[in-house]
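The block underneath contains the structure these notes are about, expressed in C-alpha cells.
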Amino acid sequence: MSRLLICCTQDLPSVNMAKYLTSKYEWEDLGSDGNNTYVSRNNDVLMTIDSLHITAENIDEVAKEFGVKVDSVVFLSRHKAASGIPTLTVHPIGNYKAADFGGREGTLVASDPHGMTEALRFVQKYNDTEEYKVSFEVTHHGPYLEKPTYFIEIGSDETHWGDEHAAEILSNAVAESDGKEYPVALGFGGGHYAPRFTEMALGYKIDFGHMIPGYQLDSLSDEDVLAILKKASDATNGTKCVYMHHKAFKKSEDRRFTELMESAGYEIISSKDLEPL
C-alpha cells in the first residue's frame with residue numbers, strides 16, 4: 001500500500017514530524033509542482049504544502065497530477081481542544097452535517113480502518129510518557145479527498161505543539177507497519193474522544209472506520225439515523241458491522257437504535273464476539 005503523508009508548513013507538529021521522518025530515513029527528492037514539494041521512501045511520499053490542512057481540498061488529486069499515485073493519505077497535524085489535555089490522537093475525516101472546518105457538507109471522506117487503527121496501536125506502543133493520553137477522535141472536519149484518509153495529531157494546545165518527543169512518538173507510529181488487518185466496524189455513540197472505541201481497538205482484534213458520536217444523532221428521525229449510518233458504511237469499505245457504545249445511551253435510546261440498526265441489516269457486535277490482541 002502506498003501512502004501520501006502531508007506536512008503543512010503552517011502547523012508546528014506537522015513540521016516537526018516531517019523533520020523527524022526525513023532525518024531518520026533516507027528519502028528521494030522528487031521535486032516540486034510549483035507549490036508543493038515531494039520526497040519518497042519505499043511506498044511513502046511526503047508532500048509539503050503551505051495551505052492549511054483542513055482547506056487542502058482534493059490534495060490527493062494535486063499529487064496525482066504531479067505523478068504521485070497513492071492508496072491512502074495521512075495528515076500530520078496539531079490537535080486543538082479547549083481542555084488543553086495532552087493527547088495524541090488519530091481520526092477519520094468528513095462532515096455528517098455542516099462543513100464548518102473544510103470538506104463538504106454532509107459528506108464523509110473514505111476512511112482507512114486498517115491503517116488508522118494500526119497507527120493508534122503504534123502510538124500506544126511508542127508513547128513512553130505519562131503526560132499524553134492516546135485516543136481516537138470521532139469523524140470530523142475537512143478537507144475533502146477521494147482517497148482513504150486519516151489525521152494523526154499532537155494536542156491539545158500550543159504548550160504541546162512544539163513537543164519534539166511527541167512528534168517522534170507519532171512519527172515512529174506512522175513509519176511502522178505490521179500489515180495486520182482485522183474485522184472492520186463502525187463506531188456508534190459516545191463522545192468526541194471515543195474512549196470505548198479506543199479501548200476496544202487497543203485490546204481486541206477490530207479495526208474502526210468512521211465513528212458516529214451521540215451528539216450527531218440528537219433529534220434525528222429513524223430515517224436520518226439510517227442515512228448517517230449508510231454514509232459511514234459506504235465510506236468504510238461498505239461494512240455493516242457496528243460496535244455500539246451502549247452505556248452512552250439512555251435505555252430507551254439504546255433499544256431504539258439497536259432495533260433500528262438490526263432491522264436495516266447491521267450486525268451489532270460486542271467484545272464477546274472478538275479475539276483479544
Side-chain angles (χ1 to χ4, degrees), residues 85 87-94 96 108 110-127 130 132-140 148 150-153 173 176-218 225-226 228-277:
I85 295 171
T87 312
L88 305 176
T89 72
V90 296
H91 69 84
I93 63 172
Y96 291 110
L108 303 183
S111 63
D112 180 9
H114 303 308
M116 182 182 72
T117 310
E118 179 183 68
L120 180 82
R121 295 185 182 115
F122 280 124
V123 173
Q124 176 78 347
K125 172 185 173 180
Y126 286 111
N127 181 26
E130 295 183 0
Y132 287 94
K133 294 173 59 179
V134 175
S135 179
F136 274 137
E137 288 181 90
V138 297
T139 304
H140 65 299
Y150 68 89
F151 270 60
I152 186 164
E153 304 176 336
E176 187 165 347
S177 174
D178 58 20
K180 293 177 181 177
E181 296 185 356
Y182 300 121
V184 173
L186 305 174
F188 188 89
H192 184 82
Y193 289 94
R196 185 58 178 154
F197 308 145
T198 302
E199 179 185 355
M200 293 301 298
L202 295 178
Y204 292 88
K205 293 181 178 180
I206 181 173
D207 291 338
F208 281 92
H210 281 292
M211 291 169 273
I212 308 166
Y215 60 79
Q216 293 288 2
L217 304 168
D218 290 344
V225 171
L226 289 179
I228 279 184
L229 271 166
K230 186 176 188 309
K231 285 180 184 178
S233 172
D234 289 347
T236 306
N237 303 332
T239 185
K240 300 284 279 187
C241 185
V242 178
Y243 184 88
M244 188 172 173
H245 189 176
H246 292 285
K247 291 184 179 180
F249 295 109
K250 296 177 182 178
K251 287 185 179 180
S252 59
E253 291 177 322
D254 184 74
R255 190 181 313 111
R256 174 201 169 200
F257 290 135
T258 298
E259 292 175 354
L260 183 63
M261 284 190 278
E262 289 180 341
S263 69
Y266 291 92
E267 177 188 5
I268 300 176
I269 61 169
S270 70
S271 58
K272 296 177 182 178
D273 302 310
L274 302 170
E275 291 182 56
L277 288 170

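Index from 1, following the sequence. Fair warning: this is a prediction, and the values are worked out from it, not measured in the lab.
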Donor-acceptor pairs are to be reported for all side-chain atoms of residues 229-237 against protein atoms at under 3.5 Å, with residues two or more places apart or in another chain.
unit_1	atom_1	unit_2	atom_2	d
Lys230	NZ	Asp234	OD2	2.7
Lys231	NZ	Gly106	O	2.8
Ser233	OG	Thr239	O	2.6
Thr236	OG1	Ser111	OG	3.1
Thr236	OG1	His210	N	3.2
Thr236	OG1	Ala232	O	2.8

May I have the list of side-chain donor-acceptor pairs in residues 194-203 shorter than 3.5 Å, sequence neighbours left out?
unit_1	atom_1	unit_2	atom_2	d
Arg196	NE	Tyr243	OH	2.8
Arg196	NH1	Glu199	OE1	3.0
Arg196	NH1	Glu199	OE2	3.0
Arg196	NH2	Tyr243	OH	3.0
Thr198	OG1	Phe136	N	3.0
Thr198	OG1	Ala194	O	2.9

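Every residue two or more places apart in sequence or in another chain that forms a side-chain contact (heavy atoms from CB on, under 4.5 Å) with Lys247 is listed here: His245. Evaluation of the side-chain contact (heavy atoms from CB on, under 4.5 Å) rule for Asp218 yields Tyr215 as partners, not counting sequence neighbours. The side-chain contact (heavy atoms from CB on, under 4.5 Å) search around Glu118 returns Phe122, Ser177, Asp178, not counting sequence neighbours. Contacts of Tyr132 classified as side chain to side chain donor-acceptor pair (under 3.5 Å), with partners at least two apart in sequence or in another chain: Asp163. Judged as a ring-ring contact (aromatic ring centres under 6.0 Å, His included), and not counting sequence neighbours, His246 has no contacts. In this view, Glu130 satisfies the salt bridge (charged side-chain N to carboxylate O under 4.0 Å, His left out) rule with no residue, not counting sequence neighbours. The side-chain contact (heavy atoms from CB on, under 4.5 Å) search around Asp207 returns Pro113, His114, Thr117, Arg121, Tyr182, Val184, not counting sequence neighbours. Annotation: salt bridge (charged side-chain N to carboxylate O under 4.0 Å, His left out) contacts of Lys133 (sequence neighbours excluded): none.
For Glu176 (side chain) and Ala173 (main-chain N/O), no donor-acceptor pair under 3.5 Å exists by modelled atom type.
Within the structure, every pair that satisfies the ring-ring contact (aromatic ring centres under 6.0 Å, His included) test and touches residues 250-273, not counting sequence neighbours, is listed here: Phe188-Phe257, Phe249-Phe257. Applying the side-chain hydrogen bond (donor to acceptor under 3.5 Å, both in side chains) test to pairs two or more places apart or on separate chains, those with a residue in residues 256-265 are Asp222-Arg256.
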request  = In sequence, state the C-alpha distance, the side-chain angles, and the governing distance for Ile269 and Ile206, and then conclude on side-chain contact (heavy atoms from CB on, under 4.5 Å).
outcome  = CA-CA 10 Å; Ile269 61 169; Ile206 181 173; 3.6 Å; yes
task = Kindly determine whether Ile93 and Tyr150 satisfy side-chain contact (heavy atoms from CB on, under 4.5 Å), including the steps that lead there.
result = CA-CA 6 Å; Ile93 63 172; Tyr150 68 89; over 6 Å; no
inquiry  = Please evaluate residues Ile152 and Thr89 with respect to the criterion side-chain contact (heavy atoms from CB on, under 4.5 Å), reporting the C-alpha separation (whole Å), side-chain torsions for both, the decisive distance (0.1 Å), and the verdict.
reply    = CA-CA 6 Å; Ile152 186 164; Thr89 72; over 6 Å; no
message = One pair to check against side-chain contact (heavy atoms from CB on, under 4.5 Å): Met211 and Leu186. What are the steps and the verdict?
response = CA-CA 6 Å; Met211 291 169 273; Leu186 305 174; over 6 Å; no
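What you find for Pro92 and Thr139 is that their closest heavy atoms are CG-OG1, 3.2 Å. Closest approach of Ile85 and Thr87 over heavy atoms only: O-OG1, 2.9 Å.
Expressed to the nearest 0.5 Å, how far CE of Met116 lies from CG of Leu120 amounts to 8.0 Å. To the nearest 0.5 Å, atoms CD (Glu253) and CZ (Arg255) are separated by 11.0 Å.
Using a 4.5 Å heavy-atom cutoff, the side chains of Leu88 and Gln124 are not in contact. At a threshold of 4.5 Å between non-hydrogen side-chain atoms, the residues Lys205 and Leu274 do not count as touching. Ile212 is listed as a side-chain neighbour of Tyr96, based on a closest heavy-atom distance under 4.5 Å. Considering only heavy atoms from C-beta on, Glu267 stays 4.5 Å or farther from Met261 through its side chain.
Other residues, nucleotides and ligands contribute only 12 or fewer heavy atoms inside 6.0 Å of the NZ atom of Lys180.
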